[in-house]
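Naming: A, B, ... by sequence-line order, numbering from 1 per chain.
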Amino acid sequence: MNNIAIDVKNLYVNFARYSALENLNLSIPGGNFVSVVGPNGAGKTTFLKVILGLLKPNQGTITIFGKHTDELSPFDLGYVPQIKTLDRSFPALPIELVSTGLKAKWPGKMIKTNKEPVMETLEKVGAGNLAKRPLNKLSGGELQRVYLARALIRKPKILVLDEPATGIDWIGENDIHKIIDDYKSEFNATIIMVTHDWEAAYHHADHVLMLNRQILCFDTPDNAFTEQCLRKTFGHVGHRHEMIFVGRHHD
Amino acid sequence: MIEAFMQSFMLRAMLAGIFVGFMSSYFGVFIVQRRMSFMGSGLAHAAFGGVALGILLNTEPLWIAIPFTIIASIGITLLKDKTNLGSDTSIGILFAISVALGIIFLSLKRSYTADAFAYLFGSILSVQTSDLIVTIILTLFTVLTFFFYWSRWAYSTFDRELAKTDRIPVTIDDYVLNILLAITIVVSVKLVGIILVAAFLVIPAASARLIAVTFFGMTIISICLGIVSSIIGLITSYIFDLPSGATIILVQAVIFFIAIIYQKASMSETI
Ligand SMILES: Nc1ncnc2c1ncn2[C@@H]1O[C@H](COP(=O)(O)OP(=O)(O)OP(=O)(O)O)[C@@H](O)[C@H]1O
Ligand SMILES: [Mg+2]
């Protein structure tokens, strides 16, 4: 497994005069599950947008399986955005949103051959019953599942997830992480997941990327969730750090 | 003789009404969902500047108004993209410049023309064969966009970033949409009038939004309502000798209120 999925070299991103990402260097092997953690405004979403080709770096390079982001097919990447910007006035059904994952375009009339895989994927994420409920009537957690189905249906080599389990109840959260883990092992997919849930990061990821404008630690969960790394990334550590340690002693 | 004449102008107006009703209600769904109704208003007033220049130059106003309005629409989009002004501010500025220019142009034309009035309020009598030809060509283009652009415009209306990750050229698509919108507004102005054209674009789509659950459904319903209200409005205005634009808008308004009642009724059913 020495194929590199994502290769980042000397990457800088600025918004006007504000520098959001500074001198990132890292290589993520194919089939790896990387959790990205860091405080609000650390540049996590910005980093994902660079991977997706939505933002161009001001300096440095990023390649995905050796290719420039512009050369990728949309089907190489599955994306679950950090949901807060959804336009609730837009008339749409979950089956339509999921079908954009399959076709990379907005559906006109839904035809049967598209409906079947769409329904199957919605069932898989536990949202089969929501298929035809208007998007603007879904709760935050229900919406997250629909977006996850949209990302999974294209069977991408890389899954880019921006807080996919935020707003999902505790049982649901375990479901979601199980679905992601299963997807990873079935397709040997690379997963990049931003999360504020350190426990999820600790238990599911192969590597943890601690980000706060710069990369402060990039290591296995055991080596990354140290007091030193957390202090560098978050400034102070608080009680959650101890919770992780408690979890670790259990294992 | 008179009967035949009446029929030929009425036929022109009716055909223009159907085509213009189709286009404006089709583009209207994007206007409504992208919250661009002020853009419709702004472009209509830009059209006023172009029409006034055409009148001043003693040419067919349409030929001046179309490029004039397209430039205004590109100007608005550029101002919005290249500065951090909101689109309402960019529209407001170009809106004012165009109207100011229009007033100056008309005042330079010493013999005041009744023509300008027809453009302000719309008139069935004013639809010429040349208007009809332009309208038909534009309608053909619009129908083509249904196959090549509708899904892309819909996608970027829903979520611009998601559309971008699927390699939809959203910025170029925006320009295409705004340019077609500009031309649609100019050709609608003769029938509906500058003052009412923004409402003409928005009301069928807003009514369709109340009824539809998918964007495709909304588009189809909006187009049907747009065409039907143009036909009913033109016939009513002909029979009762009323201004065409105002009559069409009132017919649209009646449909809108029926849609509200329909929505309320179907909501109370599901509860
Ligand atoms: N389009 C933009 N224009 C200007 N500044 C931006 C833009 N997008 C992000 N920023 C700034 O860049 C910084 C990083 O933002 P980003 O969204 O990547 O944070 P994040 O780590 O995802 O935070 P959160 O945990 O709150 O989601 C923030 O300070 C933000 O204000
Ligand atoms: Mg974020």
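- Taking the centre and axis of the six-membered ring of B:Y149, the NZ or CZ atom of B:R152 falls inside the cone set by 45° and 6.0 Å.
- For A:L72, the parts sitting under 4.5 Å from any heavy atom of chain B are the backbone and the side chain alike.
- The existence of a salt bridge linking B:R35 and B:D88 is excluded, since no basic side-chain nitrogen approaches an acidic carboxylate oxygen closer than 4.0 Å.
- In this structure, no portion of B:W153 lies under 4.5 Å from any heavy atom of chain A.
- Checked by atom type, the side-chain pair B:T77/B:N178 shows a donor-acceptor distance below 3.5 Å.
- Only the side chain of A:K49 comes within contact range of chain B, judged by heavy atoms closer than 4.5 Å.
- Heavy-atom distances place no part of B:T219 under 4.5 Å from chain A, backbone and side chain included.
- Under a cutoff of 6.0 Å and an axis angle of 45°, A:R213 and A:Y18 form a cation-pi pair.
- A donor-acceptor contact closer than 3.5 angstrom is absent between the side chains of B:Y26 and B:T184.
- Using a 4.5 Å cut-off between heavy atoms, B:R209 contacts chain A through its side chain alone, with no backbone atom that close.
- When each of A:T100, A:L135, A:L52 is checked for heavy-atom pairs under 4.5 Å with chain B, A:T100 comes out on top.
- When each of B:I220, B:V32, B:I168, B:T165 is scored by its heavy-atom pairs under 4.5 Å with chain A, the top score falls to B:T165.
- Within the 4.5 angstrom heavy-atom criterion, only side-chain atoms of A:R154, from C-beta onward, approach chain B.
- The residue among A:P81, A:P74, A:P134, A:S73 with the most heavy atom pairs within less than 4.5 Å of chain B is A:P74.
- A donor-acceptor contact shorter than 3.5 Å is absent between the side chain of A:N136 and the backbone of A:S89.
- Aromatic ring pairs are classed by plane angle as parallel below 30°, tilted from 30° to 60° and perpendicular above 60°; the pair B:F158 and A:W106 is tilted.
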